[in-house]
Amino acid sequence: MTRFLTILYALLAFVGVLTGQPVAAQNQAVDAIHSLIEQAEPGSVVHVPPGVYEGNLVIDKPIILEGGDQAIIDGLGQGSVVEIRAEGCTFRGFLVRNSASGVDREPSGIRVLAGNSTIENNRLEDVLFGIDLQNAPNSKVLNNEILGKDLGLARRGDGLRLWWSLGCTIKGNTVKGLRDMVFWYSEDLDVSDNRVSDSRYGLHFMYSHHTSVHDNNLSENAVGIYLMYSNTIDISHNTIRNNRGVSGYGIGLKDCDSITISSNALLANRVGIYVDNSPSAYDSTGLISDNMVAFNEIGLLATPITHNNIITHNAFLENEEQAAAHGGGNLSLNSFASDGIGNFWSDYAGYDKDGDGIGDIIHEPKSLFRSLIAREPNLRLFVHSPAQQAIELTARALPELNPKPIFVDPTPLTRVPDLTLPSDGQTTTGAPMGVLAVVLLTIACGSGWLVFRQQPFPNVLPTKVSHTIGRGRA
Amino acid sequence: MTTMAVQPGRTESGAHLSRIGCILAFARREFRDAVSSRWFLLYTIAFTVLAVAVSFMSLAGSGSQGFAGFGRTTAGLLNLIMLVVPLMALIAGAGSIAGERERGTLLYVLAQPVSRVEVLLGKYVGLAAALCCSMCIGFGLSAGALAWRAGSVGIGAYVMLIVLTCGLALAMLSVGMLLSVVSRRSGVATGLGLFAWLVLVFLSDLGLMAGTIIFKLRVQEIFALGIANPLQAFKMAVIVNMNASLDVLGPVGMYASQTYGRTLPWLLASVLVIWAIVPLLIALIVFKKRGSI
């Protein structure tokens with residue numbers, strides 16, 4: 001990738017030469033930018049000419065630094081590449097690369113140490129931490145692309161980190177192959193349209209309250225969104241897909257109050273939504289509504305102590321286990337319906353006689369195999385096997401074995417609710433699969449034709465057995 | 001065997017058949033017999049109808065949102081495959097030698113200038129081809145349903161599912177042929193085949209579950225005992241291939257993923273290969289040694 005980009009920039013430089021644009025002939029020290037900043041008036045726009053600048057850039061004056069997508073700042077593997085120390089700076093249109101890689105000083109691509117900063121349209125490569133805002137309130141981090149170093153998960157830094165930075169807007173950023181997009185002690189944030197993949201936690205909130213998290217796309221991480229000790233957070237319209245691994249939560253909540261999770265698509269994670277003691281305050285409630293929870297191993301997993309959640313108007317579609325209590329027990333302290341509206345469960349086996357879209361029989365899933373798993377987690381090895389079905393069948397045949405239900409939905413929906421969800425983004429053509437179908441059928445028919453085309457052993461071996469050949473044993 | 005090897009089979013027309021040619025001739029005959037028999041048609045139709053039904057059911061309700069349902073389809077297909085394919089392969093294998101022995105045609109076949117190894121291998125190859133073709137029909141129509149309703153998400157995993165299923169069929173066929181060789185009557189062989197199916201599909205898993213609870217087995221013991229069963233190895237291989245990890249299978253799966261890492265799929269596939277080769281080898285030895293027909 002890096003090589004490809006190098007070639008790309010070389011080509012760009014070449015095109016620049018052809019079109020008469022000024023292109024720096026060779027790499028220069030980052031001091032060239034320092035002197036430009038020195039000469040500039042505070043608040044003015046400083047255009048950095050295209051080229052590669054080596055060293056660590058420090059911005060200590062409130063200016064607008066414009067890279068025009070052709071300026072490259074290379075940290076040469078030393079410390080943080082860019083450090084912003086003055087309030088009200090804008091840093092836009094740069095390629096920032098090659099920070100140090102030792103985790104002890106947390107070297108970053110762009111470190112922001114002052115408020116009202118705008119970090120926009122940059123691309124960061126080969127950095128340990130991506131963008132690190134420390135005590136930088138009211139800043140904006142917009143449309144940056146952050147790619148990490150090729151390190152094991154334990155040695156990576158955060159793609160984006162906010163530390164005591166209130167009122168920030170984090171929008172349209174892409175993070176790939178780092179640790180977390182993490183928010184520490186930062187309130188009143190707007191986190192939207194970000195895309196995090198191949199990282200540890202997509203979005204990670206620690207003691208960060210009053211935040212809106214919407215329209216993000218979090219895939220292939222260990223965890224999509226993890227909230228810890230963070231209150232009053234609104235999570236909506238996010239697409240959270242394929243987050244697997246030992247944790248493997250789409251959305252995880254740990255001791256959080258007043259959380260709203262609505263209109264998200266939670267697909268093919270190990271666990272769709274994990275709730276650990278949230279809400280924790282006695283008089284607080286959590287709301288989980290209008291989500292599509294589909295194809296996860298477990299749709300909703302909650303510790304048995306979890307209470308006061310309202311789970312309504314969601315679609316629980318084809319999760320291997322729709323809802324489960326972590327470590328046994330049940331989820332009876334939560335309500336699975338609100339105002340007579342429950343959830344859609346694809347394994348609901350009731351009926352709807354009056355056709356009002358609400359099942360006439362309560363949904364209380366019981367599973368002997370599940371309760372066995374809760375008792376002996378090692379037995380999970382046997383899911384997806386006929387033996388599991390055999391056990392469920394036995395439980396149905398012998399009522400005295402009937403396990404207790406994990407939860408009760410008094411008014412289950414009988415149709416998938418019409419949810420306003422983020423677009424899936426995975427529209428593929430059926431052509432390759434169609435070709436596969438044709439190939440398979442051709443193999444079957446073709447080998448049949450090959451065999452039947454000619455007679456094996458003509459006149460030697462009869463295909464039908466003559467009765468004259470001895471019937472008894474030889 | 002060596003004498004037979006230097007005296008290749010000879011057709012009435014006088015053309016010499018090489019050893020491979022001989023095996024292929026038997027294979028072709030076995031394929032024809034299998035395809036024209038009722039059990040084969042029945043199982044093929046059952047497998048195809050169920051596979052297509054599972055594909056459609058897994059996709060129902062997810063189509064409007066455009067969410068790919070491939071994972072669920074595979075999970076649904078898994079149960080179906082693990083029930084039907086071993087049954088099909090075991091019964092096919094069990095009927096092969098014992099059936100001919102009972103009908104008396106085996107005597108006739110062995111009177112020809114062919115070796116017993118060629119006869120057995122020919123039958124194995126022919127039945128294996130017939131089984132794989134049968135599955136190609138089921139998977140092919142199922143792929144058509146997926147192409148129509150869900151696009152091509154996970155096509156690589158789907159191809160691997162087909163390959164692994166064929167591997168499972170070969171392993172079960174091998175066991176079936178062993179049972180066939182040791183049985184005198186086809187009824188006995190079929191009964192043994194059904195019993196083997198019951199053991200592999202249900203009893204061994206249920207027994208291992210009970211063992212896990214009663215003896216408090218450790219994860220490595222459960223894993224080792226689990227993959228000894230070709231059906232469990234098959235299931236784990238399919239899941240590894242889909243998710244790149246066995247976390248779905250709880251602590252035992254995580255242990256396997258962390259201990260074996262990238263070699264895990266190969267380990268699981270080699271279990272299937274061993275089950276395909278070893279019973280067939282034993283069957284060959286027994287078949288060669290048995291004096292009586």
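All figures in this text were calculated on a predicted structure; none of them were measured in a lab. A, B, ... follow the sequence lines: proteins, then strands. Residue 1 opens every chain.
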Find out whether A:Leu379 and B:Ile222 are in side-chain contact, i.e. whether some heavy atom of one side chain is under 4.5 Å from a heavy atom of the other. no
Pairwise side-chain contact, B:Met209 with A:Leu381, heavy-atom cut-off 4.5 Å (strictly under): no
Looking only at heavy atoms and a cut-off of under 4.5 Å, which of [options] has the most pairs with chain A?
options: B:Val159, B:Val238, B:Leu208; result: B:Leu208
options: B:Ala27, B:Ser36, B:Ala129, B:Cys136; result: B:Cys136
options: B:Gly250, B:Ala143, B:Ala256, B:Ser204; result: B:Ala143

At a 4.5 Å cut-off on heavy atoms, which part of [X] comes close to chain B: side chain, backbone, both, or neither?
X: A:Arg244; value: both
X: A:Ile391; value: side chain
X: A:Ile298; value: neither
X: A:Arg375; value: side chain
X: A:Ala431; value: backbone

Search all heavy atoms of [X] against all heavy atoms of [Y] and return the closest pair with its distance.
X: B:Pro251; Y: A:Asn378; value: CB-OD1, 3.3 Å
X: A:Pro386; Y: B:Met82; value: CD-CE, 3.6 Å
X: B:Phe31; Y: A:Gly448; value: CE2-CA, 3.9 Å
X: B:Ala147; Y: A:Gly434; value: CB-N, 3.5 Å
X: B:Cys133; Y: A:Ser447; value: SG-OG, 2.8 Å

Pull out the residues in residues 224-233 of chain B that come under 4.5 Å of chain A, heavy atom to heavy atom, sorted by number. B:Gln232
Gap between atom [atom2] of [Y] and atom [atom1] of [X] - 0.5 Å precision:
X: A:Thr394; Y: B:Leu206; atom1: OG1; atom2: CG; answer: 7.5 Å
X: B:Tyr158; Y: A:Leu440; atom1: OH; atom2: CG; answer: 7.0 Å
X: B:Met236; Y: A:His384; atom1: CE; atom2: NE2; answer: 12.5 Å
X: A:Glu376; Y: B:Ile214; atom1: CD; atom2: CD1; answer: 11.0 Å
X: A:Leu450; Y: B:Arg28; atom1: CG; atom2: CZ; answer: 8.5 Å
X: B:Ile137; Y: A:Cys445; atom1: CD1; atom2: SG; answer: 6.0 Å

Under 4.5 Å heavy-atom distance to chain A, tell me which part of [X] shows up: side chain, backbone, both or neither.
X: B:Gln258; result: side chain
X: B:Val35; result: side chain
X: B:Leu217; result: backbone

Can you tell me if CG on A:Asp347 sees more than 12 non-hydrogen neighbours from other groups inside 6.0 Å? yes
Any idea which of A:Gly446, A:Ala315, A:Ser385, A:Ala268 has the most non-hydrogen atom pairs under 4.5 angstrom with chain B? A:Ser385
